[in-house]
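Just below is one structure, and these are the notes that go with it.
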2 protein chains.
Amino acid sequence: MSDQIHTAVARRLDAVDQRYTSGRRQLVEALAKAGRPLTAGELVAACPSLPQSTAYRNLAVLGQAGAVHRVSGTDEFARYELDESVTGRHHHHLVCLSCGAVEDFAAPAGLEHSVSSLMGTLGSDRGFHAESHRLDVLGTCAACRS
Amino acid sequence: MSDQIHTAVARRLDAVDQRYTSGRRQLVEALAKAGRPLTAGELVAACPSLPQSTAYRNLAVLGQAGAVHRVSGTDEFARYELDESVTGRHHHHLVCLSCGAVEDFAAPAGLEHSVSSLMGTLGSDRGFHAESHRLDVLGTCAACRS
DNA sequence: ATTTATGCAAATCGTTTGCAAACCT
DNA sequence: AGGTTTGCAAACGATTTGCATAAAT
């Protein structure tokens, strides 16, 4: 099921001369299974044989390889998710202001198109070379509303 | 010039039974003058008579009052800016992946409209009560491109 | 007078790092 | 063997907090 993901991650790591060790595989597995950004704490909980230090170190390696990246919510915890180049799915985040949880969601194509065209204008308008974008909607999640 | 800002902040603080002390005023002044999100370090540098602890405490108070809020970039530093309810200006951020700097920019009205309409659908589609949004464009700033 | 804000120094806590043992090739 | 990754424990650093003084009401 997450076979293509592993292949994509392996390719990324290889390009940076890094091995796809079991610890790294566990992290990728956990992130793929979650389908939402996870905190370092959630990750070590999901990978019981992985000490924190190794988890952090491997997240850094996976980050340099472009397979994983940090997601910023509103609380103090860093969250991690698989890069779109690995999942093949472009998405955005719903951030709960009450509990800090982060969920994925897909924006309508029309909106994505508007953002792309905006990004194109930033170079000439502001001298800013746009590479990617983040769109987060902040509010209250279903669990906290109940 | 930033008179309306001070009035708005004062109103916010008053609503939460907090005083508009000189330290808080200095922070607001610095944020208003900057016109972009500032790190805690930049703020204490801009307010030479303010110790870090007071700066952080006052930023927390201003945050609870809804006059200031945190902005997350890509580096490890928290950044702060005046809330839109105080400045009256809705805007988004250009985040430099190279140096971490954050600049403000205004998105086209059409894009904002698309986002608003998306936010409206999230309640029924996902049970998520949307309150606000963040749109960040990541890339390389003019200074880092040179 | 009493409550609230300040300033210093010490504590907190997510995250990072040094180093020796275990691993892969 | 030679270089890399791991695991433990100690270090790091941005942010927070305790407590005594100063300010505001």
Side-chain angles (χ1 to χ4, degrees), chain A residues 6 9-10 12-30 37-65 67-81 99-102, chain B residues 6 9-10 12-31 37-65 67-81 100-102:
Chain A
H6 285 303
V9 172
R12 288 289 197 156
L13 285 171
D14 198 54
V16 197
D17 280 307
Q18 292 282 0
R19 300 173 187 165
Y20 199 10
T21 64
S22 75
R24 293 169 190 177
R25 205 174 297 258
Q26 282 177 60
L27 290 171
V28 170
E29 202 89 45
L38 296 179
T39 63
E42 289 173 323
L43 276 169
V44 301
C47 308
S49 68
L50 239 69
Q52 295 203 7
S53 62
T54 302
Y56 276 113
R57 251 187 297 229
N58 284 335
L59 286 169
V61 170
L62 290 165
Q64 288 159 13
V68 162
H69 62 90
R70 273 184 162 85
V71 171
S72 46
T74 52
D75 55 21
E76 68 259 54
F77 303 104
R79 287 155 201 274
Y80 301 86
E81 71 178 1
C99 69
V102 180
Chain B
H6 284 304
V9 172
R12 289 289 199 154
L13 285 171
D14 197 54
V16 198
D17 280 308
Q18 292 281 0
R19 301 172 188 164
Y20 199 11
T21 63
S22 75
R24 294 169 189 176
R25 206 175 296 259
Q26 283 178 60
L27 290 171
V28 169
E29 202 89 45
L31 289 172
L38 297 180
T39 62
E42 290 173 322
L43 276 168
V44 301
C47 308
S49 68
L50 239 69
Q52 294 203 3
S53 63
T54 301
Y56 276 112
R57 252 187 298 230
N58 284 335
L59 286 169
V61 170
L62 290 165
Q64 286 158 15
V68 161
H69 62 88
R70 272 184 162 85
V71 171
S72 47
T74 52
D75 55 19
E76 68 259 53
F77 304 103
R79 287 155 200 274
Y80 301 86
E81 71 177 2
V102 181

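All values derive from a computational prediction rather than experimental measurement.
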Shortest non-hydrogen contact from [X] to [Y]?
{"X": "A:Gln64", "Y": "A:Val16", "answer": "O-CG2, 4.4 Å"}
{"X": "B:Ala55", "Y": "B:Leu27", "answer": "O-CD1, 3.9 Å"}
{"X": "A:Ser49", "Y": "A:Gln26", "answer": "OG-OE1, 3.3 Å"}

Any donor-acceptor pair under 3.5 Å between the side chain of B:Arg57 and the base of D:dG18? yes
Does a side-chain N or O of [X] approach OP1 or OP2 of [N] to a distance below 4.0 Å, or not?
{"X": "A:Ser53", "N": "D:dT6", "result": "no"}
{"X": "B:Arg24", "N": "C:dA5", "result": "yes"}
{"X": "B:Thr54", "N": "C:dG7", "result": "yes"}

Regarding B:Ala40, tell me which of base, sugar-phosphate or nothing describes its non-hydrogen contacts under 4.0 Å with the strands shown.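 Sugar-phosphate only.
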Within this structure, what is the [atom1]-to-[atom2] distance between [X] and [N], rounded to whole angstrom?
{"X": "A:Gln52", "N": "C:dG18", "atom1": "CD", "atom2": "P", "answer": "18 Å"}
{"X": "A:Tyr20", "N": "C:dT25", "atom1": "OH", "atom2": "P", "answer": "15 Å"}
{"X": "A:Asn58", "N": "D:dT4", "atom1": "CG", "atom2": "P", "answer": "15 Å"}
{"X": "B:Leu50", "N": "D:dT15", "atom1": "CG", "atom2": "P", "answer": "15 Å"}
{"X": "B:Arg25", "N": "D:dA24", "atom1": "CZ", "atom2": "C1'", "answer": "13 Å"}
{"X": "B:Leu43", "N": "D:dT15", "atom1": "CG", "atom2": "P", "answer": "11 Å"}
{"X": "A:Asp14", "N": "C:dC24", "atom1": "CG", "atom2": "C1'", "answer": "15 Å"}

Consider the side chain of B:Arg19, meaning its heavy atoms from C-beta on, and name the nucleotide among D:dG3, D:dT16, C:dT4 that approaches it most closely.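 The closest nucleotide is C:dT4.
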Closest to side chain of A:Tyr56, choosing from D:dT6, C:dG14, D:dT17: C:dG14
Quick one: on DNA chain D, does B:Phe77 or A:Gln18 contact a more 5' nucleotide (nearest heavy atom)? A:Gln18
Ignoring hydrogens and geometry, is there a side-chain-to-backbone donor-acceptor pair from B:Arg79 to B:Ser72 under 3.5 Å? no
side-chain contact (heavy atoms from CB on, under 4.5 Å) partners of B:Ala78, counting only residues at least two apart: B:Arg70, B:Tyr80
